[in-house]
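Only one structure is covered here, and it is reproduced in the block below.
If you're wondering where the values come from, they're calculated on a predicted model, not measured in any experiment.
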Amino acid sequence: MQKLLITLGIILVAAGLLWPLITKLGLGRLPGDIRIERESFAFYFPLTTMIIVSIILTLIFRFWGK
């Protein structure tokens with residue numbers, strides 16, 4: 001459990017530090033990401049971005065686990 005929490009913490013810190021680079025790559029503004037904006041309301045659901053991040057993390061953890 002400790003190893004998992006430390007790993008997740010490192011991943012979150014890395015993602016936070018790399019966020020400016022990640023936004024330059026276009027993640028968060030991909031086709032398939034849902035964005036609804038009204039006068040006093042904004043809703044954003046990054047569907048495509050979540051799928052891509054999930055695939056990348058799955059591959060990383062599969063190779064790391066072996």
Side-chain angles (χ1 to χ4, degrees):
M1 184 68 172
Q2 292 173 345
K3 185 177 179 181
L4 176 68
L5 289 175
I6 290 171
T7 304
L8 289 175
I10 290 171
I11 290 171
L12 287 174
V13 168
L17 292 174
L18 295 174
W19 190 253
L21 177 64
I22 292 170
T23 56
K24 286 182 183 178
L25 293 174
L27 288 178
R29 295 174 299 181
L30 297 173
D33 290 346
I34 299 168
R35 175 177 288 175
I36 300 171
E37 295 181 11
R38 304 280 187 237
E39 292 178 15
S40 62
F41 175 76
F43 176 76
Y44 179 67
F45 188 71
L47 183 64
T48 306
T49 300
M50 288 190 307
I51 291 171
I52 290 173
V53 169
S54 175
I55 291 170
I56 291 170
L57 288 176
T58 300
L59 293 173
I60 289 171
F61 284 121
R62 281 218 177 174
F63 290 125
W64 186 49
K66 290 186 177 184

Can you give me the closest heavy-atom contact between Gly16 and Pro20, atom names plus distance? O-CD, 4.3 Å

Of the non-hydrogen atoms in Asp33 and Thr48, which two are nearest, and what is the gap between them? OD1-N, 3.0 Å

Distance from Ile36 atom CD1 to Phe41 atom CZ, nearest 0.5 Å? 6.5 Å

Look up atom CG in Leu30 and atom CD1 in Ile51, then write down how far apart they are to the nearest 0.5 Å.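 With rounding to 0.5 Å, CG (Leu30) is 10.5 Å from CD1 (Ile51).
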
Applying a strict under-4.5 Å side-chain criterion to I, L, V, M, F, W and Y, I'd like to know whether Val13 and Trp64 cluster together. no

Tell me whether Leu12 shares a hydrophobic cluster with Leu57, the cluster being built from Ile, Leu, Val, Met, Phe, Trp, Tyr side chains joined at under 4.5 Å. no

Would you say Phe43 and Arg38 make side-chain contact, with heavy atoms under 4.5 Å? no

Please list every donor-acceptor pair under 3.5 Å in which a side-chain atom of residues 2-10 meets a protein atom from a residue at least two apart or in another chain.
from, atom 1, to, atom 2, distance (Å)
Thr7, OG1, Lys3, O, 2.7

Of Leu59, Ile52, Thr58, which is the lone residue that meets side chain to side chain contact (heavy atoms under 4.5 Å, CB included) with Ile55?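 Only match with Ile55 under side chain to side chain contact (heavy atoms under 4.5 Å, CB included): Leu59.
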
Residues at least two apart in sequence or cross-chain that pass salt bridge (Lys or Arg N to Asp or Glu O under 4.0 Å) with Arg29, listed by chain then number, are none

Who pairs with Glu39 by salt bridge (Lys or Arg N to Asp or Glu O under 4.0 Å), at least two apart in sequence or on another chain?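 For Glu39, no residue satisfies salt bridge (Lys or Arg N to Asp or Glu O under 4.0 Å) once neighbours in sequence are set aside.
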
